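Treat the numbers as computed from the prediction; the structure is a model and nothing was measured.
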Amino acid sequence: MSKYLLELAAARVKGSPFGITSVCSAHPVVLRAAVRRARVTESYVLIEATCNQVNHLGGYTGMTPADFVDLVGKIADEEGLRRDLVIFGGDHLGPNPWRKERAEEALSKARDMVRAYVAAGFSKIHIDTSMGCAGEPIALDDRTIAGRAADLCAIAEETAKAVGLPMPVYILGTEVPVPGGADHVLDTVEPTSPDAARATIGIHREIFEAAGLGDAFERVLAFVVQPGVEFGSENVIVYDPPKAVSLAAVLQDDDRLVFEAHSTDYQTEEALASLVKDGFAILKVGPGLTFAYREALYALDMIASELAPSYGARPLAATMEKLMLEHPDDWQGHYHGDEAALRLQRHYSYSDRIRYYWNRPEAATAVDALSKALEGRRIPEPLLRQYLPQYGLTDVSGMQDILIAAVDEVLGVYDRAARPDAV
């Protein structure tokens with residue numbers, strides 16, 4: 001499966017570049033939408049779990065890497081997708097979840113996490129050691145980052161050999177955007193300088209080879225750089241190809257590499273296609289998918305309020321507001337402004353930090369109540385046009401179909417940009 005990813009660089013060199021969407025989400029509806037699209041298009045699907053969502057200690061989803069693989073496998077079976085078409089990736093694997101601890105403790109936990117990911121069958125490993133731990137600078141120097149990355153890579157190599165799995169492919173880099181988007185308003189984002197990108201690649205190569213990891217470095221698929229894209233709570237910085245020309249030219253130094261673009265959520269189809277053309281072949285998207293899920297869910301909350309008087313006035317939104325106020329850790333510090341601004345951001349921010357709450361029992365109960373309120377009811381076409389006009393729905397069989405259609409709308413944009421032959 002990872003061999004398919006290695007074709008990205010070869011296609012770039014041949015002048016016929018293609019890309020792949022990296023679905024970075026643990027939400028069951030998002031996963032089902034991605035799997036269903038892969039089944040329809042008969043193509044590979046790259047599904048990635050992040051270190052905060054899923055780790056050996058459970059993450060905020062409560063899932064270990066093995067649990068995540070099992071969940072996606074069951075969805076693939078239900079949707080009729082061959083399991084060998086699912087590529088599992090581990091995103092931001094490193095000390096990030098424990099960065100408030102001393103480096104020694106955080107890196108020890110990161111090693112255990114990498115072992116768990118590789119043993120579970122994750123074949124694309126993004127090693128992210130770019131953020132400082134307690135007592136360290138926020139941004140570390142390239143040599144420290146590369147040394148820690150080599151340490152985690154050695155663990156991944158040992159684990160794959162021990163459990164008899166194919167050796168992983170790797171994603172490295174030092175200029176790694178913070179998972180989940182920026183937490184402040186952005187006016188512009190400068191691409192990584194070509195000199196910095198070359199230095200990063202060179203330092204990693206040197207340190208990996210010195211650590212006896214030359215073979216592993218040959219399986220480095222991509223480096224993470226900043227192409228000049230990002231999103232904040234209320235705005236999106238769209239890719240500007242001319243600004244990234246010099247950065248894209250760095251790929252001419254090595255025929256084996258492409259770039260991985262993080263935070264591509266909310267980019268236009270044209271911008272995504274330009275990223276792929278310029279060598280940013282792996283397009284990572286996460287919050288943009290759960291944003292679409294929440295958008296459709298809130299629309300259905302309003303539709304149910306119109307159709308079923310006993311349902312009440314937007315009880316799902318009220319439940320989520322209460323939940324986020326009672327448990328503010330996942331949004332406080334990321335959203336800014338007065339109380340009115342904070343309320344809007346809690347629900348509608350592009351950063352979509354509401355996604356951290358969907359797996360809580362109160363949220364699940366509220367979503368189930370919405371489903372029951374709509375069960376057996378035909379949603380009149382004028383109501384669909386009022387609250388869900390963007391999806392062109394006229395006849396749907398239920399809430400699940402609408403939610404999957406919302407997520408698939410986003411996935412379709414990525415597929416068309418990455419693979420012109422996509423359905």
Side-chain angles (χ1 to χ4, degrees), residues 19 21-27 30 34 48 50-53 91-92 96 126 128 130-131 173 175-192 224-241 243-244 247 259-276 278 280-298 324 330-337 341-358 390 406-407 409-418:
T21 308
S22 170
V23 177
C24 299
S25 180
H27 195 287
V30 171
E48 304 214 32
T50 68
C51 59
N52 291 310
Q53 289 170 340
D91 194 27
H92 292 282
N96 186 54
H126 169 217
D128 179 6
S130 62
M131 296 178 186
E175 193 160 345
V176 183
V178 176
D183 60 4
H184 57 282
V185 175
L186 300 169
D187 295 321
T188 185
V189 174
E190 289 301 315
T192 301
V224 179
V225 293
Q226 173 54 267
V229 304
E230 187 55 277
F231 61 93
S233 190
E234 298 179 5
N235 71 319
V236 179
I237 305 298
V238 178
Y239 181 56
D240 184 1
K243 290 179 67 174
L247 174 59
F259 286 139
E260 179 168 278
H262 287 223
S263 299
T264 70
D265 309 69
Y266 313 108
Q267 294 288 312
T268 65
E269 186 173 327
E270 180 183 8
L272 293 170
S274 294
L275 281 164
V276 171
D278 292 344
F280 302 91
I282 305 171
L283 304 172
K284 301 185 82 71
V285 58
L289 299 171
T290 45
F291 181 95
Y293 167 80
R294 191 274 317 151
E295 191 174 47
L297 204 54
Y298 271 24
M324 287 186 284
D330 287 315
W331 61 266
Q332 248 177 9
H334 298 273
Y335 296 153
H336 309 285
L342 289 174
R343 183 184 65 80
L344 287 174
Q345 289 171 76
R346 280 194 292 272
H347 296 273
Y348 305 111
S349 167
Y350 281 140
S351 300
D352 193 56
R353 299 196 70 83
I354 196 174
R355 71 186 185 277
Y356 293 98
Y357 295 86
W358 293 119
Q390 63 271 48
V407 176
E409 182 80 7
V410 179
L411 292 172
V413 170
Y414 277 81
D415 259 7
R416 291 190 296 274

Heavy-atom neighbours of Q332 CD exceed 12 at 6.0 Å: yes
Check: T268 and Y239 side chains under 4.5 Å, non-hydrogen atoms: no
Y350 and F291 aromatic ring geometry - parallel, tilted or perpendicular at 30°/60° bounds: tilted
Heavy-atom side-chain contact between V23 and L411 under 4.5 Å: yes
From CZ (R355) to CZ (R294), nearest 0.5 Å: 12.5 Å
Heavy-atom check, side chain of M324 versus side chain of R353, under 4.5 Å: no
S22: which of E48, H262, H126 passes side-chain hydrogen bond (donor to acceptor under 3.5 Å, both in side chains): E48
Derivation of the side-chain hydrogen bond (donor to acceptor under 3.5 Å, both in side chains) call for Y414 and T264: CA-CA 10 Å; Y414 277 81; T264 70; 2.9 Å; yes
Euclidean distance, E260 CD relative to I282 CD1, rounded to 0.5 Å: 4.5 Å
Rounded distance (nearest 0.5 Å) linking atom CD of Q267 with atom CD of E230: 9.5 Å
Nearest-0.5 Å distance that lies between atom CG in D352 and atom OG in S233: 10.0 Å
Parallel, tilted or perpendicular: ring planes of Y293 versus H27, cut at 30 and 60 degrees: tilted
Any side-chain heavy-atom pair of V224 and K284 under 4.5 Å: no
Heavy-atom closest contact (A273 atom, A417 atom, distance): N-CB, 3.5 Å
Interatomic distance, N96 atom CG to C51 atom SG [nearest 0.5 angstrom]: 4.5 Å
Nearest-0.5 Å distance that lies between atom CG in D330 and atom CD1 in I354: 11.5 Å
Ring geometry between Y266 and F231 (parallel below 30°, tilted from 30 to 60°, perpendicular above 60°): perpendicular
Face-on cation placement of R346 at W331 ring, 6.0 Å and 45° thresholds: yes
F259 side chain reached by L247 side chain, heavy atoms, under 4.5 Å: yes
